[in-house]
Amino acid sequence: MRRISVVLLTVFAVVMFASSLFAADTFDLTIPLPLTGKQAKFGEIMKKSYEMAAEEINAKGGIKKNKLVLSFEDSGAKPETARAIVEKLIDTKKQPVIVGEYTSACAKAVAAVAEERKTPYLIVASADDAITQQNYKFVFRQNQVNTHYSDGLTDFLQKVVKPKTVAILYESSAFGTSGADAMEKDAAKIGMKILLKEKYEAGAVDFKPLLSKVKAANPDVIYMISYVMDASLLMRQIKELRIDAKLFAGGAAGFAIPEFIDNAKDASEYAITATLWTPKLNYPGAKEFAEKYKKKHGDYPSYHGASAYAAMYTLSSALEKAKKWTPDGIRDGLKATNIMTAFGPVKFEDKEGYQNQNFAETFVLQVIKGEHETIWPEKYASKKYVYPIPTWRERK
């Protein structure tokens, strides 16, 4: 009996030792995302992209021979939920780095927790300028800030459209507000008078009272900062009201994903939008990622997906550089990052009042024959831009 007990104890010890070895061969990362609710579409795109990158990294041997194991928690785009998830990941699971979230409101909440706990946080798609203007030491942002989202679009307006007036419509979120403020500054730079600057509550079912004000103002450009359902409805109702303008423009987000065209239908035609990435860029691996994503999921990814995909490679690079996989070690690895990804160059800098911020070129898409085409800068164009655009009466 005693011999059996000794054998069982030995077997148990071997199993536990093997388990510990297996655990040591993985890097487990839980990512908070909106997987339900109004922003779930963005969360889904990003989740699929994270998973694709992790599969590729693991196929190449992992990170320092450790397999990257991903799991996801649904924040529902609610800041309090995102905060609770991250507090659990840091305090209970002892996760040494945080990646993810989508909305700026959620990223703000996560950034505050990460800085408080001295745990590095890699932001992937949240654009409110203020997030990386807090002198945070542990918060890094891979995507461009709102102030620079429309750099390419503003250049297009200045060189091609040459508008005199603009109306700015934006949802009353951190992203919408900072984006509207950024366009206000850009308008002043290029001599474009703001006839109307109005916010709205996300998820509205009728924009016609607001759009009636726009029609009365008769601006050259209507610039909208909206998530996808609002972006689609705005364009449909602009068509219904026959509001003509020299250009209908979006500040990225909802205007830059395929679902915008699916929902707005022919009302989306000729609309342009700022974007941080397009599937046809010549960044190393960009086209391959886009085609692989389309083959697997049926459509091209948006810039949100490209940034999520690249974020796994950014993290992998930081982990390879880190002497130890501690929060401080990983933070140092991120700070030393200087790589080219499918999303573009990634290097975290302290400049223009931002800390640990990546700065990169931005682009312009236009819906042409029911497809997003890159039109600006011209050296990246997949199609020649359509301008002037026809009035609603002139369209078939």
Side-chain angles (χ1 to χ4, degrees), residues 38 150 153-154 156-172 176 179-180 183-184 186-187 190-275 364-373 375-376 383-396:
K38 294 177 182 177
S150 59
L153 190 150
T154 303
F156 178 75
L157 291 177
Q158 188 172 23
K159 292 178 179 175
V160 178
V161 183
K162 301 175 182 176
K164 300 294 185 184
T165 58
V166 63
I168 302 172
L169 309 179
Y170 63 102
E171 72 151 60
S172 57
M183 177 47 70
E184 186 172 16
D186 288 339
I190 65 174
M192 190 166 55
K193 184 180 179 181
I194 298 171
L195 300 182
L196 192 74
K197 182 186 177 189
E198 291 217 14
K199 64 183 176 182
Y200 66 85
E201 293 301 318
V205 295
D206 186 7
F207 289 111
K208 289 178 181 176
L210 176 59
L211 290 174
S212 294
K213 292 183 182 180
V214 175
K215 188 170 187 177
N218 192 30
D220 290 339
V221 174
I222 302 174
Y223 183 74
M224 298 155 279
I225 306 157
S226 313
Y227 291 117
V228 66
M229 299 311 293
D230 293 339
S232 305
L233 184 57
L234 276 164
M235 285 309 305
R236 290 203 306 270
Q237 294 189 343
I238 284 171
K239 179 188 174 185
E240 286 175 31
L241 293 173
R242 289 294 192 267
I243 302 174
D244 286 309
K246 286 187 175 182
L247 209 62
F248 305 105
F255 287 87
I257 67 174
E259 193 179 359
F260 166 65
I261 300 172
D262 295 340
N263 290 344
K265 306 298 183 187
D266 61 348
S268 69
E269 191 72 7
Y270 308 120
I272 72 167
T273 181
T275 190
V364 183
L365 302 177
Q366 185 173 33
V367 181
I368 301 174
K369 295 182 178 178
E371 298 285 341
H372 274 128
E373 299 287 353
I375 60 163
W376 204 264
K383 284 275 180 74
K384 174 75 174 178
Y385 58 80
V386 177
Y387 186 80
I389 65 171
T391 65
W392 294 110
R393 291 186 182 278
E394 292 170 340
R395 302 189 196 195
K396 292 181 181 179

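- Of the possible donor and acceptor atoms, none in the side chain of Ser150 sits under 3.5 Å from a partner among the backbone N and O of Leu153.
- His372 contributes a side-chain N or O that, together with a main-chain N or O of Phe255, makes up a donor-acceptor pair within less than 3.5 Å.
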Could you go through the side chain to side chain contact (heavy atoms under 4.5 Å, CB included) check for Leu196 and Val214 one step at a time? CA-CA 7 Å; Leu196 192 74; Val214 175; 3.6 Å; yes
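- At distances below 3.5 Å, at least one donor-acceptor pair connects side-chain atoms of Thr273 with backbone N or O atoms of Ala252.
- The backbone N or O of Asp262 sits less than 3.5 Å from a side-chain atom of Lys265, completing a donor-acceptor pair.
- In the displayed structure, Arg393 atom CZ is contacted under 6.0 Å by at most 12 heavy atoms of other residues, nucleotides or ligands.
- A salt bridge does not link Glu269 with Lys369: every distance from a Lys NZ or Arg NE/NH1/NH2 to an Asp or Glu carboxylate oxygen is 4.0 Å or more.
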I would like to know whether Lys384 and Glu373 meet salt bridge (Lys or Arg N to Asp or Glu O under 4.0 Å); could you show each step before the answer? CA-CA 9 Å; Lys384 174 75 174 178; Glu373 299 287 353; over 6 Å; no
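- Across every non-hydrogen atom of Arg395 and Asp266, the tightest pair is NH1-O, 4.1 Å.
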Check the pair Tyr223, Leu169 against side chain to side chain contact (heavy atoms under 4.5 Å, CB included), reporting the backbone distance first and the verdict last. CA-CA 6 Å; Tyr223 183 74; Leu169 309 179; over 6 Å; no
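- You'll find the ring centres of Trp392 and Phe248 inside the 6.0 Å limit.
- For Gln366 (side chain) and Tyr270 (main-chain N/O), a donor-acceptor pair under 3.5 Å exists by modelled atom type.
- Atom NZ of Lys199 has 12 or fewer neighbouring heavy atoms from other residues, nucleotides or ligands inside a 6.0 Å radius.
- For Tyr200 and Phe207, the ring centers are positioned less than 6.0 Å apart.
- No donor-acceptor pair under 3.5 Å is formed between the side chain of Ser268 and the backbone N or O of Ala264.
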